Amino acid sequence: MSVSGMSGYDHKTIEPRWQDRWQQQDAYRVGIDKSKPKYYVLDMFPYPSGVGLHVGHPKGYVATDIVARARRMMGHNVLRVMGWDSFGLPSERQAEREGTHPRDVTDRNVATFKGQLQRLGLSYDWSREIATSDVGYYKWTQWIFLKLFEKGLAYEADVPVNWCPALGTVLANEEVKDGVYIETGDPVERRSMRQWMLKITDYAESLLAGLDDLDWPEGVKEMQRHWIGRSEGASVKFSVQDSTDSVEVFTTRPDTLFGGTYLVLAPEHPLVTSVTTAKQADAVQAYCVEAANRSDRDRQSDAPDHTKTGVFTGSYAINPVNDEPIPIWVADYVLMGYGTGAIFACPAHDDRDFEFARQFGLPIIEVVAGGNVDEAAYTGPGPHVNSGFLDGLDEADAKRKIIDFLEANDAGTGTVNYRLRDWLFSRQRYWGEPMPIVHPELADGSRGAPRAVTESELPVTLPDLTDYRPTEDGAPPLARAAQWMHTIDPETGEALLRETNTMPQWAGSCWYYLRFISPNRDDVAWDPEDEAYWMPVDLYVGGAEHATLHLLYSRFWQHVLHDLGLVSTREPFQRLFNQGMVHATSFKDERGKYYYREEVKEAGDGFVNDAGEPLVTRREKMSKSRYNVVNPDDMCDQFGADSLRLYELFMSPLEDGGDWDNAGVLGMRRFLDRVWRLIMGDGTERDSGALTEAASSADVQRALHNAIRNVTEAVDTLKFNTAIADMIVFVNEATKAKAVSRNDMNRFLRILAPFAPHLAEELWQALGETNSIVAADWPEFDEAKLKSDTITIAVQVMGKLRGKIEVDADADKDTVLAAAKAEENVSRFLEGKTIRKEVFVPGRLVNFVAN
RNA sequence: GCCCGGAUGGUGAAACUGGUAGACACAAGGGACUUAAAAUCCCUCGGGGGAAACCCCGUGCGAGUUCGAUUCUCGCUCCGGGCACCA
């Protein structure tokens with residue numbers, strides 16, 4: 001596959017030339033004239049991994065680049081920036097393997113990424129580049145943490161973590177599966193460790209409410225709503241028989257309390273020991289130990305296929321609605337992390353309770369009519385029965401009445417519960433932000449209560465280390481930096497110990513959109529006036545994989561900052577768009593080994609390897625491990641960045657990923673070659689372009705104005721694939737006509753410029769323009785030019801297409817109907833029939849209903 | 001299991017609030033130009049029938065609403081993503 005030899009379009013000289021020129025001219029410097037409207041378009045910034053980019057990554061960047069370039073031409077100040085989410089575990093691991101410092105690894109990876117992005121001609125203002133691992137950046141991450149701490153939203157707590165003894169480190173939930181570390185297979189155990197938590201649960205209601213007005217994909221909003229998981233119900237107090245203890249449970253169905261036949265505590269519930277009778281003590285303890293060894297994740301992930309387990313404590317609780325004693329059980333189908341860690345079970349109307357009751361022979365009492373509770377739990381609607389004063393009521397009324405009853409009898413209240421948990425914010429890792437926290441060093445060498453360092457002590461810089469693994473006793477790696485860890489209070493001289501946990505990778509990405517506003521200021525995190533001008537982000541484009549975590553965490557910080565009066569908007573990202581994942585063909589043999597495209601041969605219908613064994617070909621997500629990545633650098637070499645940019649968006653709608661095909665890039669290259677020839681000719685004597693001073697034909701003009709209209713709309717709707725098709729149609733029309741006016745070509749280059757900036761600039765200058773096309777005005781389309789004198793009307797008989805007629809665009813209904821009836825084929829189908837109905841759709845079709 | 005998306009030619013895909021299914025591109029085939037090749041330009045390109053005009057069938061499957069359904073409704077199948085004992 002190669003590009004045309006005769007064409008004068010040589011991307012290898014044009015693209016570097018204009019990239020250099022734009023850089024010299026500072027063409028993408030963000031404007032500061034605040035009288036102009038602003039547009040903040042943001043890409044989810046990447047984690048600079050060691051392997052570099054493949055062609056799937058820049059799809060979103062190209063889309064935002066087109067929006068940015070077009071908006072500049074439309075007269076907006078555009079904030080268009082790029083940075084690096086550069087703290088994180090992979091760099092730390094890579095550094096460990098190479099025996100270098102994570103900072104060096106990071107710098108090298110950033111350089112690779114940046115080089116690849118720059119070749120694509122993306123119009124970032126690189127003077128605003130940031131990296132979360134730079135001291136000048138993380139100083140302000142620490143500053144925000146102080147705000148959270150001061151507001152009581154950061155606290156320490158003992159929580160279970162995934163501890164991997166072999167690696168001597170704590171692992172994230174997503175790194176653990178089936179009790180082992182997914183990468184090495186080393187076993188992971190649960191340990192309770194003191195961890196920093198952020199109280200995101202305080203913002204559950206705020207985060208839920210804020211979603212309504214956001215211009216986000218409905219699916220993402222739904223996922224966040226589900227993640228937050230608001231449920232209304234009641235908290236009910238059950239006193240324990242013959243004891244002063246009482247158990248509090250949360251339920252969304254307080255109306256079924258009369259059907260409560262037992263109570264269940266989570267194995268970790270603090271009352272388990274005190275309610276267990278001496279006779280049951282051994283059994284309960286054995287059960288709890290076993291449950292403790294299974295991680296929360298395991299307990300939950302295999303839940304559906306597992307039969308329920310549990311053990312009776314020996315005691316009874318008193319049901320407050322009827323004073324009946326019901327047994328108290330311990331079972332791991334109740335989770336300590338949700339509600340109160342205890343439930344009352346109503347097996348007749350809850351699937352899980354039903355299964356458990358069946359398993360252990362516990363009674364099942366129907367309290368809502370409508371099902372058959374001997375067969376299965378009934379969760380549908382129906383009148384209450386066997387429920388005393390609730391009998392006959394529907395669910396909503398029964399709930400109201402029972403809550404009134406509970407409140408009147410001091411046995412419970414109506415409450416709201418959330419599925420959302422507090423955010424585990426500390427990591428026992430090196431390559432992250434140190435926490436701006438110190439503890440008094442007590443006489444025995446242990447740590448006292450945490451307190452914040454003063455703002456003037458920021459940044460708390462990350463000390464240099466050579467060994468990044470946690471210490472033998474499980475302390476984070478920063479504990480090795482003894483000199484750094486031991487410090488003194490600058491005012492009192494008190495001995496202090498620095499916090500040795502670092503922040504998770506999410507921290508830096510939580511607020512980077514704010515730092516881009518004033519990236520080079522070291523006196524403030526962001527300038528308040530500039531913040532008020534630029535925020536919120538008008539368009540945020542990135543992968544759907546961040547639907548909950550990153551987007552929820554960022555919103556949380558923004559809400560807190562808004563409550564503190566530090567930012568002007570409550571929501572950070574007004575409009576969100578998820579670009580799709582790019583797929584490519586992969587080749588795999590029976591053993592599951594992958595092959596590169598170059599290693600396989602076509603054979604009949606399929607492909608074989610060198611040994612002639614048939615291979616399975618599949619369309620899979622593009623990734624290094626599947627041997628199906630395409631490097632954007634290769635595409636830039638072969639076809640040029642402009643062709644690559646066009647293909648990224650032409651291949652499919654932005655929200656669908658699409659299947660990569662190098663031949664498609666060639667197709668875009670052919671299109672650009674035709675654009676070149678229209679203006680420059682093919683380099684031979686007999687053809688020196690198609691430009692005329694006279695006006696283009698009506699057909700050519702119609703195609704041009706249609707393209708202008710659709711490209712203009714696409715800047716807003718992001719439907720670039722069809723916009724590009726319309727530009728192609730114009731170029732095909734103009735090529736066929738062999739003549740197009742200089743003026744029209746001038747207009748066309750301006751709508752092409754956001755897509756293929758290098759070629760457009762080259763040809764723009766060839767037309768005699770002296771200012772850069774980057775700063776040219778956006779062309780308007782002329783509605784009148786879109787209309788044609790005649791239109792084609794489809795003619796149907798009984799809903800089937802029988803002919804087409806050509807009529808004047810302004811022909812009235814009677815004229816059109818007459819012409820339709822006269823059409824040869826149509827008249828044949830109408831012959832001998834009576835027309836019962838004439839359907840007339842102006843400008844489109846007529847349909848005769850006849851029999 | 002639950003929630004959210006999808007399914008259209010050999011391929012990626014178009015089709016605006018129900019109105020000419022397959023724009024545009026890739027691949028394939030044919031032709032022109034050329035000593036030849038590349039490039040370029042032109043033609044064909046959902047399936048079947050027919051010399052042609054045209055006809056029949058066709059948007060995952062099965063029903064329905066309608067003059068008319070890729071589009072709306074109901075019931076399925078398959079694929080992708082998310083959540084998964086959340087009381």
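We name chains A, B, ... by the order of the sequence lines, and we start the count at 1 in each one. If you're wondering where the values come from, they're calculated on a predicted model, not measured in any experiment.
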Q. Using a distance-only test with no angle check, is there a side-chain donor-acceptor pair under 3.5 angstrom linking A:Arg555 and A:Gln224?
A. yes

Q. Nearest to the side chain of A:Asp661, which nucleotide is it out of B:G19, B:A87, B:C26?
A. B:C26

Q.
The side chain of A:Arg674 is closest to which nucleotide in this list: B:A21, B:A23, B:A25?
A. B:A25

Q) Please give, in whole Å, the distance from B:C85 P to A:Asp353 CG? A) 14 Å

(Q) Base, sugar-phosphate or nothing for A:Phe829? Non-hydrogen atoms, less than 4.0 Å. (A) sugar-phosphate

Q: Just do the ring pair (Phe, Tyr, Trp, His ring centres under 6.0 Å) check on A:Phe356 and A:Tyr262 with the steps written out, would you?
A: CA-CA 10 Å; A:Phe356 190 83; A:Tyr262 61 102; 5.4 Å; yes

Q: Scan every strand shown for a Watson-Crick or G-U wobble partner of B:G10, both distances under 3.5 Å, and answer none if you come up empty.
A: B:C26

(Q) By the 4.0 Å heavy-atom rule, please label A:Glu222 as base, sugar-phosphate, or nothing. (A) nothing

Q: Would you indicate what A:Arg828 reaches in the nucleic acid, counting non-hydrogen atoms under 4.0 angstrom: base, sugar-phosphate, or nothing?
A: sugar-phosphate

Q) Distance only, no hydrogens: is a donor on one side chain within 3.5 Å (strictly under) of an acceptor on the other, for A:Ser231 and A:Tyr338? A) yes

Q. What nucleic acid atoms does A:Asp656 come within less than 4.0 Å of, heavy atoms only: base, sugar-phosphate, or nothing?
A. nothing

Q. Which nucleotide in the list B:C85, B:G19, B:A15 gets nearest to the side chain of A:Thr722?
A. B:A15

Q. What nucleotide among B:G19, B:A13, B:A87 has an atom nearest to a side-chain atom of A:Gln796?
A. B:G19

Q: Please tell me which of the listed nucleotides, B:A84, B:A87, B:C56, lies nearest to the side chain of A:Arg419?
A: B:A84

Q: Could you check whether A:Val729 gets within reach of a base, just the sugar-phosphate, or nothing at all, counting any heavy atom under 4.0 Å?
A: sugar-phosphate

Q | A:Leu801 side chain, from C-beta outward: closest of B:C83, B:C67, B:U20 | A | B:U20

(Q) If only side-chain N and O atoms count, and only distance matters, is there a donor-acceptor pair under 3.5 Å linking A:Thr340 with A:Glu248? (A) no

Q: Examine B:C67: is either OP1 or OP2 under 4.0 Å from a nitrogen or oxygen in the side chain of A:Asn851? Give yes or no.
A: no

Q: Answer with base, sugar-phosphate or nothing: what part of the nucleic acid does A:Asn721 contact at a heavy-atom distance below 4.0 Å?
A: sugar-phosphate

**Q.** Candidate nucleotides B:G12, B:A87, B:C55, ranked by approach to the side chain of A:Val334 - the nearest
**A.** B:A87

Q: Give A:Asp351 one of three labels, base, sugar-phosphate or nothing, depending on what nucleic acid heavy atoms sit under 4.0 Å from its own.
A: nothing

Q. Just checking, is any N or O donor in the side chain of A:Asn417 or A:Arg230 under 3.5 Å from an acceptor N or O on the other one?
A. no

(Q) Can you see if the side chain of A:Arg677 gets near the phosphate of B:C41 - specifically, an N or O under 4.0 Å from OP1 or OP2? (A) yes

Q: Quick one: do A:Thr309 and A:Tyr287 satisfy side chain to side chain donor-acceptor pair (under 3.5 Å)? Show the steps, please.
A: CA-CA 9 Å; A:Thr309 59; A:Tyr287 183 78; 2.7 Å; yes

Q: Look at all strands and tell whether A:Asn847 reaches a base, only sugar-phosphate, or nothing, counting heavy atoms closer than 4.0 Å.
A: base

Q: May I ask which nucleotide in the shown strands pairs with B:G1, Watson-Crick or G-U wobble, both distances under 3.5 Å?
A: B:C83

**Q.** Assigned partner base of B:A53, Watson-Crick or wobble definition, under 3.5 Å
**A.** none

**Q.** Complement of B:A21, any strand, by Watson-Crick or G-U distances under 3.5 angstrom
**A.** none

Q. Does any nucleotide pair with B:C33 by Watson-Crick or G-U wobble geometry, both distances under 3.5 Å, and what is it?
A. none

(Q) Under a 3.5 Å cut-off for both contacts, is B:C16 paired Watson-Crick or G-U wobble with anything, and if yes, with which nucleotide? (A) none

Q: Answer with base, sugar-phosphate or nothing: what part of the nucleic acid does A:Trp660 contact at a heavy-atom distance below 4.0 Å?
A: nothing

